[in-house]
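Here is the naming used below: chain letters follow the sequence lines, and residue numbers restart at 1 for every chain.
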There are 2 protein chains.
Amino acid sequence: MNIGKAAKLSNLTVKTVRYYADIGLVKPLKNSNTGYRDFSDDDLAQLQFVAKARKFNFSIQECEELLSLYSDKNRSSKEVKALTLEKISEIDAKLIELKDLRHQLSFLAKNCKGDDRPECPILDALSDV
Amino acid sequence: MNIGKAAKLSNLTVKTVRYYADIGLVKPLKNSNTGYRDFSDDDLAQLQFVAKARKFNFSIQECEELLSLYSDKNRSSKEVKALTLEKISEIDAKLIELKDLRHQLSFLAKNCKGDDRPECPILDALSDV
DNA sequence: CTTTACACTCCACTTACTGGAGAGTTTACA
DNA sequence: TGTAAACTCTCCAGTAAGTGGAGTGTAAAG
């Protein structure tokens, strides 16, 4: 299939699919006459896999690792689980950080009158190092 | 003061401070003999301000806006509050997304034995589009 | 037969830095 | 006074993961 269809079926943009092909994440055949990429069902499956993994915050690098585990029939689920657990703890750290950030910002916003006068606890807090 | 001291006092790296100077976020004087940047106390205050605002997830662009509000004695706190509230709602959206992500990943991890056999619900889920 | 939709390559740009090469400057110590 | 370490400079390139656009070629529909 052409890139447009592959993109649609994997919920990616054409640009992104082309980019993935450029960096070798998927390897569609090329029509030597037209230069058009030809995506097989297997290529599509890989694109769909990557699209989902990216949504799960796996990096391209990790997607490559997952893809190779995925295509290796002898892969152990141990490695995949380890990668996933690592992702979870990264997310936990990010959550804590964001919650803290939100807390501080909302405290500042609450104490800011938001009128036309220059007193502003938000700026005061930012400049209070 | 030299860049090293300015960096230390603002908890930024020398590279980052130089970068901020390059993009005009701060404007230290330059010793025309040595080419060394000379940071005033005011420059330092700006760096500290930016360092903190960046921690609060304000982009460089927003830092510039904040800095100009900050240095403008006639600024209203209305604008600052609006920017802050916008940030909070961005953070909220991010929190929801991350929580959902974590939920899905931990469900997958829980159902993965993590042994040496190839069955792996994580990979199955990723390939199940 | 022409218009429209789709495809291609190549280059530049994005964010917010980071790393390194190669060179000059300042400071500390023997 | 010499020299070595520590600091500074500029410039170039790279990072992640694409996005945007120019200019051009191809395919399908009316």
Side-chain angles (χ1 to χ4, degrees), chain A residues 1-40 43-44 46-67 87 90-91 94 97 101, chain B residues 1-40 43-44 46-67 87 90-91 94 97 101:
Chain A
M1 71 193 74
N2 280 349
I3 197 167
K5 190 171 179 193
K8 183 158 284 176
L9 292 177
S10 55
N11 286 312
L12 295 168
T13 68
V14 167
K15 275 275 187 188
T16 300
V17 174
R18 203 172 279 134
Y19 171 73
Y20 287 168
D22 285 349
I23 62 173
L25 197 55
V26 286
K27 296 175 180 61
L29 292 174
K30 269 200 158 188
N31 183 320
S32 52
N33 296 327
T34 62
Y36 281 25
R37 292 174 184 83
D38 182 15
F39 294 80
S40 68
D43 291 327
L44 176 62
Q46 298 216 43
L47 285 175
Q48 292 171 327
F49 183 98
V50 170
K52 201 150 189 179
R54 290 284 303 127
K55 268 201 200 161
F56 279 71
N57 267 19
F58 288 94
S59 69
I60 294 279
Q61 164 97 40
E62 288 166 331
C63 285
E64 274 192 77
E65 291 167 30
L66 284 171
L67 272 184
K87 272 293 130 191
E90 275 171 33
I91 290 170
K94 196 87 189 167
E97 203 181 307
L101 199 56
Chain B
M1 71 191 75
N2 280 351
I3 198 169
K5 190 172 179 190
K8 183 159 282 177
L9 291 176
S10 55
N11 285 313
L12 295 168
T13 68
V14 168
K15 277 275 188 187
T16 300
V17 174
R18 204 173 278 134
Y19 171 72
Y20 287 166
D22 284 350
I23 63 173
L25 197 55
V26 285
K27 296 175 179 62
L29 292 175
K30 270 199 159 192
N31 182 320
S32 52
N33 296 327
T34 63
Y36 281 24
R37 292 173 183 82
D38 183 13
F39 294 81
S40 68
D43 292 326
L44 176 62
Q46 298 216 42
L47 285 175
Q48 292 171 328
F49 182 98
V50 170
K52 199 148 191 179
R54 290 284 303 128
K55 270 203 200 159
F56 279 71
N57 268 19
F58 288 94
S59 69
I60 294 281
Q61 165 96 43
E62 288 167 331
C63 285
E64 273 191 77
E65 291 167 30
L66 285 171
L67 272 184
K87 272 292 129 192
E90 275 170 33
I91 290 170
K94 196 86 190 169
E97 203 180 305
L101 197 57

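Here NZ of Lys52(B) is found 13.0 Å from OG of Ser10(B). Values are rounded to the nearest 0.5 Å.
An OP1 or OP2 oxygen of dT9(C) is reached within less than 4.0 angstrom by a side-chain nitrogen or oxygen of Arg37(A). Within the structure, every side-chain polar atom (N or O) of Tyr20(B) is placed at least 4.0 Å from both OP1 and OP2 of dA16(C). For dT18(C), the OP1/OP2 oxygens have a side-chain nitrogen or oxygen of Thr13(B) closer than 4.0 Å. Remark: Thr16(A) is in phosphate contact with dT19(D), judged by side-chain N or O atoms under 4.0 Å from OP1 or OP2. Within the structure, every side-chain polar atom (N or O) of Arg18(B) is placed at least 4.0 Å from both OP1 and OP2 of dT8(D).
Between Lys30(A) and Gln61(B), the one whose closest nucleotide on DNA chain C sits nearer the 5' end is Lys30(A).
Counting heavy atoms from C-beta on, the side chains of Asn31(A) and Asp38(A) never come closer than 4.5 Å. Taking 4.5 Å as the limit, every side-chain heavy atom of Tyr19(A) sits out of range of all side-chain heavy atoms of Leu25(A).
Between Val26(A) and Asp43(A), the shortest heavy-atom contact is CG1-O, 4.1 Å. In terms of heavy atoms, Ala7(A) sits closest to Thr13(A) at CB-C, 3.9 Å.
One can place NZ of Lys55(A) at 17 Å from P of dA17(D), the figure rounded to the nearest angstrom. Here dT19(D) presents its P atom at 11 Å from CD1 of Ile60(A), a figure rounded to the nearest Å. In this structure, Met1(A) places its CE atom 16 Å from P of dC6(C), rounding to the nearest Å. dC17(C) atom C1' lies 13 Å from atom CG of Leu25(B), rounded to whole Å. One can place CG of Asp22(B) at 13 Å from P of dC12(D), the figure rounded to the nearest angstrom. To the nearest angstrom, C1' of dT10(D) lies 17 Å from OH of Tyr19(B). When the C1' atom of dA16(C) is taken as reference, atom CD of Glu62(B) falls 13 Å away, rounded to whole Å. Ile3(B) has its CD1 atom 20 Å from the P atom of dG24(C), to the nearest Å.
Of the listed nucleotides (dA16(C), dG18(D), dT8(D)), dG18(D) has the atom at the smallest distance from the side chain of Arg54(A).
Between Asp22(B) and Arg37(B) there is a salt bridge, since a side-chain N of the basic residue sits under 4.0 Å from a carboxylate O of the acidic one.
Each of Leu9(A), Ile3(A), Leu44(A), Leu29(A) was compared with Phe39(A) under the side chain to side chain contact (heavy atoms under 4.5 Å, CB included) criterion, and only Ile3(A) meets it.
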message: Protein within reach of the bases, or only the backbone? For nucleotides 22-30 of chain D, mark each nucleotide 5' to 3' as B, S or -, using heavy atoms under 4.0 Å.
response: ---BBS---
